[in-house]
There are 2 protein chains.
Amino acid sequence: MNDKAKSAESGSLRPPDGRPTLKTIAFMTGLGVTTVSRALKDAPDISADTKQRVQLVARQVGYRPNRAGVRLRTGKTNVISLLLNTDEQLMGFISDIIYGISQELAGTPYHIILTPYSGRNDPMDPVRYVVETQSADGIIISRTEPHDQRVKYMTERGFPFATHGRTNLGIDHPWHDFDNHAFARLAVGSLAARGRRRLALLAPEPSLSYHQHMTDGFAEAVAEAGLNEIPFKTAWVDQPIDDIRARVMDLLNRPNRPDGIVCGSGTSALAVVNAIESCGLTLGREIDVATKQSTKLVQMFRPQLFVVNEDFRLAGRELARALLGSIASRPVRDLQSLSVPDCVVGPEEEAQLFMAKPAELAPALRS
Amino acid sequence: MNDKAKSAESGSLRPPDGRPTLKTIAFMTGLGVTTVSRALKDAPDISADTKQRVQLVARQVGYRPNRAGVRLRTGKTNVISLLLNTDEQLMGFISDIIYGISQELAGTPYHIILTPYSGRNDPMDPVRYVVETQSADGIIISRTEPHDQRVKYMTERGFPFATHGRTNLGIDHPWHDFDNHAFARLAVGSLAARGRRRLALLAPEPSLSYHQHMTDGFAEAVAEAGLNEIPFKTAWVDQPIDDIRARVMDLLNRPNRPDGIVCGSGTSALAVVNAIESCGLTLGREIDVATKQSTKLVQMFRPQLFVVNEDFRLAGRELARALLGSIASRPVRDLQSLSVPDCVVGPEEEAQLFMAKPAELAPALRS
DNA sequence: AACAATATCTGTAACGTTGCAGGTGCTTGT
DNA sequence: ACAAGCACCTGCAACGTTACAGATATTGTT
């Protein structure tokens, strides 16, 4: 009856799965498929009346664009890929990052896809895979290195990405980072306030960007306070927990053992405390420990710990925000953020909080 | 020159992104697109010689099927969706599940997509979304309930899925589960062997399937050993950690307080121990705790704990295996597995291991 | 009245893939 | 010599979407 009826003849109006397509709506409204498509994306050459009608019907029948159709036609996947190193136990906090990302992605058409990789293989492999097969519109990476090849690669190709951690390549790219320099200063400050004089740092792997930040902040604060640094370069925070424990026990059996330890991660703090107690020492008496924590678990473990909170959900949100901005070609400067810790939470019997000195206070989160 | 040259005329031979398609290979080999497609999937009506030639060229140019093309044509997404409850702190172990899943998926064309949801909304929402929009070929769910609506829904629609945890619906579906019944029995056994007589259980939420398994195993073992159960029904393992701590402190201040506690999760054990010590009690002296752990962290925290290991990486592998099998229409019986713990690891000064009694020993993993 | 501009709508083709219904040439059986 | 069968290959059409280049009707201009 309708002049659009013929377009309904070729091909089924409603696919067997019952999902409405543009054609379904076109038939229902008596319009052309193109018109429906353009009406749904609020194009300027469609009358307000038609748009409203189409959108009403679309909502009514529960229309959802077919992702494969869009992707095939436009190349847009509406997917962002989270690269995950699946090697270490260290993966613990990724659940919080995921939570943050999905918070930020709620209400957008984006899906999160996981691209796991092992550090035993070339870290470029997963990046190349996603970029070459265009299986996502953008990538979030972590374990960023100062001269990160992945950053170079994606920048050269103009592929959107955001990094958890900064680089030192002279490339201006989207990132989010926790201020580990500030963390280390705060941690040292809290131990110094307890009267500790010989401090050791359990740092992240030297290849990672934040190794430098943390060791710099540590060295600076130790020097400023006139303390001694006990070198400890045999263990890193993301090593297996038993290894850390063993290395810390070695450290504590040295003639000049530290009376304060700064831990670059909450997980490793458990190993450190265990090592301390296995050596017959008591936390808070012969030695103190300041650490990062990403859940309240660490301090629930030993209330004597000095802790600085790192919020990985925030990191997830910021990374997603940065990546979406990058995909939308927003200026890179708006897509960089630093999360600056501003206090240490200590044992209840002690001063509850060790506040940062004014000079150390956080600049605005988004610089 | 070649009679296939004309097919190269319409449409670009190599898309601007440089990715080879079937058409590219068709041109290079002088064959038709259909032939190439069929040769690559080893169809019987293509000569061995041609297949080899096509496959060689395909490998050479790094051909990868365009996922959107395949998906549009066949409806197959080559994606599996992992449903994640993003509410609780409890998400901790999901990183291990992810690891296991990705291990099992390596070498397959499957991608993992995350579908987060909040328990504050209808748990059916994410399932409906995936099924209706066909954004995945299968779903993995956890926090399974005895009368899980999601299982019913997906079964009715013939949508492939696997559950972490069993149901009680009379529906035969793919699942993997940890034997929490056996866990509870082992835990009680280890505490009984220490001479503990009044035991309390920190169980999972009553709505979840494994609540029943764990409480049943607990009650059984307590009765068999002639011990007393101290009811404790105000806290569950996936509550906020501070809440658990507070409830356990209440429990310990009751006139008839327990001298042994079984914890249904490693995380909650930290809160329990903290509560114990906050009450002025000493772990291993007035009271003992047996718990599950999924990483060595828990026991590193307090070596006095009795722990049973739950391997979430194994769970991830089994779930992925079950789901792939389900997608491939393999018989459901091969897609169900139970992981049975067989020992408790205790404090070093004590008997190192509390072995299960023969009667409790694990049946084969895959029943 | 003729023409141009505007507002609104539409058909065609293409993205890459695969099911289908042939097609071609060669071998076999009678 | 001819049909039937076989081995192997191929066009066509369609999956759902959107860019593009019109088409049509209405209004404004001269």
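Worth saying up front: this structure is predicted, and the values here are computed from it rather than measured. A note on names: the letters A, B, ... follow the listed sequences, proteins ahead of strands, and every chain is numbered from 1.
As rounded to whole Å, 13 Å separates atom C1' of C:dG16 from atom CD of A:Gln134. When the P atom of C:dT10 is taken as reference, atom CG of A:Leu22 falls 13 Å away, rounded to whole Å. A straight line from CZ of B:Arg71 to C1' of D:dC15 spans 12 Å, rounded to a whole angstrom. Atom CD1 in A:Ile25 sits roughly 12 Å away from atom C1' in D:dT17 (whole-Å rounding). Distance B:Gln52 CD to D:dC8 P: 14 Å, rounded to the nearest Å. The distance between atom CG of A:Asn66 and atom P of C:dG16, rounded to the nearest whole Å, is 16 Å. Between the CG atom of B:Asp49 and the C1' atom of D:dA7 there is a distance of 13 Å, rounded to whole Å. The interatomic distance linking B:Lys76 (NZ) with C:dG16 (C1') rounds to 17 Å, in whole Å.
C:dC20 makes up no base pair with any nucleotide shown, lacking Watson-Crick or G-U wobble contacts both under 3.5 Å. Base-pair partner of C:dA2: D:dT29 (Watson-Crick or G-U wobble, both distances under 3.5 Å).
If you check every strand for non-hydrogen atoms under 4.0 Å, A:Thr34 touches a base.
Across C:dT10, C:dC15, C:dT17, the shortest atom-to-atom separation from the side chain of A:Leu31 is found for C:dT10. Taking the side chain of B:Leu72 as heavy atoms from C-beta on, and the options D:dT17, C:dT17, D:dG16, the nearest nucleotide is D:dG16. When distances are taken from the side chain of A:Thr35 to each of D:dT17, C:dC9, C:dT17, the shortest belongs to C:dC9.
Contact annotation: the side chain of A:Arg128 approaches that of A:Asp125 to within less than 4.5 Å [non-hydrogen atoms, C-beta and beyond].
Under 4.0 angstrom from either OP1 or OP2 of D:dC9 there lies at least one side-chain N or O belonging to B:Thr50.
A cation-pi arrangement is absent between A:Arg59 and A:Tyr63 under the rule of less than 6.0 angstrom and at most 45 degrees off the ring axis.
Within residues 37-47 of chain B, the residues having any heavy atom under 4.0 Å from DNA chain C are, by residue number, B:Ser37, B:Lys41.
If you check the side chains of B:His173 and B:Thr167, you find a donor sitting under 3.5 Å from an acceptor.
Ring geometry, A:His176 versus A:His164: the interplanar angle falls under 30°, so the pair is classed parallel (tilted spans 30 to 60°).
Residues passing the salt bridge (charged side-chain N to carboxylate O under 4.0 Å, His left out) test with B:Arg120 are B:Asp87, sequence neighbours excluded.
D:dG11 has its base syn relative to the sugar, with a glycosidic angle deviating from 0 by at most 90°.
Within 6.0 Å of NZ in A:Lys51 there are more than 12 heavy atoms belonging to other residues, nucleotides or ligands. Atom CZ of B:Arg64 is surrounded by 12 or fewer heavy atoms from other residues, nucleotides or ligands within 6.0 Å.
Both A:Lys51 and B:Arg67 sit near DNA chain C, but only A:Lys51 has its closest nucleotide nearer the 5' end.
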